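Comments concern the structure below.
Values in this document were obtained by computation on a predicted structure and should not be read as measured data. Scope of the values below: all heavy atoms of this structure, side chains included, with no hydrogens, waters or symmetry mates.
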Amino acid sequence: MLQLLIMNIMEITDINSSELDIYYRLPERQLLTINEPAPGIFIAESFKVIERALTAGFKPISALVEKRSLPALEMLLKEKSVPASDFPIYTATGKVLDSMTGYHLTGGCLCAMERRELFSPVDILKSSRRIAFLENIMNPTNVGAIFRSAAALGMDAVLLTRSCSDPLYRRSIRVSMGTVFRIPWAFIDSKNVLWPNDGIELLHENGFKLASMALRNESVDINDPILKSEERLVVALGSEGEGLLPETISKSDYVIKIPMFHDVDSLNVAAASALAFWELGKV
């Protein structure tokens with residue numbers, strides 16, 4: 001018989017309660033900076049995503065859960081040995097929660113969690129052989145989908161420019177199915193490292209070749225054996241429409257393309273990433 005946990009359950013009676021601001025009133029930018037100078041918080045949505053965040057060691061701040069889903073949350077916390085009495089668990093009927101969020105609560109649960117200090121890009125470069133690089137990809141759905149493909153298809157880590165959508169944005173996490181917690185990632189640009197010039201130099205200093213996905217005459221097919229022969233490779237993807245910066249492409253070691261048929265010129269960046277990672281992750 002499952003031993004019941006002592007949970008700090010609070011019934012929601014006022015949807016305007018300040019404790020609930022982080023779930024549906026504060027924008028993502030405020031969540032990111034809410035604990036400055038320490039890292040902010042993020043919202044994990046659905047039990048699958050929460051399970052993967054807990055497995056990765058992220059600490060819950062509070063939870064917002066449908067009444068009928070309380071047993072599932074209790075079981076998950078027990079399985080992960082997370083003290084349920086250490087943080088408040090707000091609960092209400094699904095109808096009340098839907099009225100708060102404006103949409104049906106995916107999976108019956110939200111969990112606010114503390115962010116952690118990011119990985120160092122240098123540490124990632126030293127410990128990886130295949131890296132996905134995202135440049136100026138601002139669509140959170142694409143970012144989440146690319147993370148899921150990177151984790152599943154042979155990439156060791158992900159690097160991004162800071163102009164990309166935050167991988168811990170709620171939609172990015174949900175689309176990634178929590179794989180943002182399973183693969184190391186970092187922003188490559190900083191005050192001291194500007195992209196693309198300084199960033200590409202940093203890649204080369206650590207023994208990486210940069211392979212940029214772009215529609216150019218000088219492109220090589222993605223299945224070219226020379227790409228697989230590279231010991232360390234960074235696969236660069238740009239935003240929808242604009243693609244990679246011209247400076248990034250001109251300084252790349254390879255410009256690669258996926259052969260197309262029926263006069264189709266390109267794929268959505270998330271779909272293209274899956275094909276690229278599958279082909280180039282096999283080393």
Verify side chain to side chain contact (heavy atoms under 4.5 Å, CB included) between L237 and F277, making sure each step is shown before the conclusion. CA-CA 11 Å; L237 301 135; F277 301 157; 3.7 Å; yes

Search all heavy atoms of [X] against all heavy atoms of [Y] and return the closest pair with its distance.
X: L73; Y: C109; answer: CD1-SG, 4.3 Å
X: A84; Y: L77; answer: CB-CD1, 3.6 Å
X: I222; Y: A276; answer: CD1-CA, 3.2 Å
X: A44; Y: M113; answer: CB-SD, 4.4 Å
X: P60; Y: L54; answer: CG-CD2, 3.7 Å
X: T179; Y: S176; answer: OG1-O, 2.7 Å

Is a donor on one side and an acceptor on the other found under 3.5 Å between the side chain of [X] and the backbone of [Y]?
X: S250; Y: P246; result: yes
X: N8; Y: I89; result: no
X: S128; Y: I124; result: yes
X: S252; Y: V255; result: no
X: D189; Y: W195; result: no
X: N142; Y: M138; result: no
X: E240; Y: V269; result: yes
X: S62; Y: F87; result: no
X: R232; Y: H204; result: no
X: D224; Y: L227; result: no

Would you indicate whether the side-chain heavy atoms of [Y] and [X] approach each other to under 4.5 Å?
X: M177; Y: R52; answer: yes
X: L203; Y: I188; answer: yes
X: L134; Y: T161; answer: no

Distance (rounded to the nearest 0.5 Å) between [X] [atom1] and [Y] [atom2]:
X: S229; Y: L233; atom1: OG; atom2: CG; value: 9.0 Å
X: R170; Y: L110; atom1: CZ; atom2: CG; value: 5.5 Å
X: I41; Y: N35; atom1: CD1; atom2: CG; value: 6.5 Å
X: L275; Y: E279; atom1: CG; atom2: CD; value: 9.0 Å

Side chains of R171 and T141: is there a donor and an acceptor less than 3.5 Å apart? yes

Pairing donors with acceptors under 3.5 angstrom, does anything connect the side chains of T248 and E135? yes

Answer yes if [X] and [Y] sit in the same cluster of Ile, Leu, Val, Met, Phe, Trp and Tyr residues linked by side chain heavy atoms under 4.5 Å apart, and no otherwise.
X: M10; Y: Y23; result: yes
X: L194; Y: L125; result: no
X: M213; Y: I200; result: no
X: I146; Y: L168; result: yes
X: I183; Y: W278; result: yes

Report the C-alpha distance between S163 and N136 in whole Å, list the side-chain angles of each, state the deciding distance to 0.1 Å, and finish with yes or no for side chain to side chain donor-acceptor pair (under 3.5 Å). CA-CA 5 Å; S163 54; N136 303 340; 2.2 Å; yes

Salt-bridged, [X] to [Y], with N to O below 4.0 Å?
X: K67; Y: E11; answer: yes
X: D166; Y: R115; answer: yes
X: K209; Y: E231; answer: no

Can you name the residues that form a ring pair (Phe, Tyr, Trp, His ring centres under 6.0 Å) with F58, not counting sequence neighbours? F42, F181

Would you sort out whether F147 and L160 count as a side chain to side chain contact (heavy atoms under 4.5 Å, CB included), showing the intermediate values? CA-CA 11 Å; F147 262 81; L160 313 89; 4.2 Å; yes

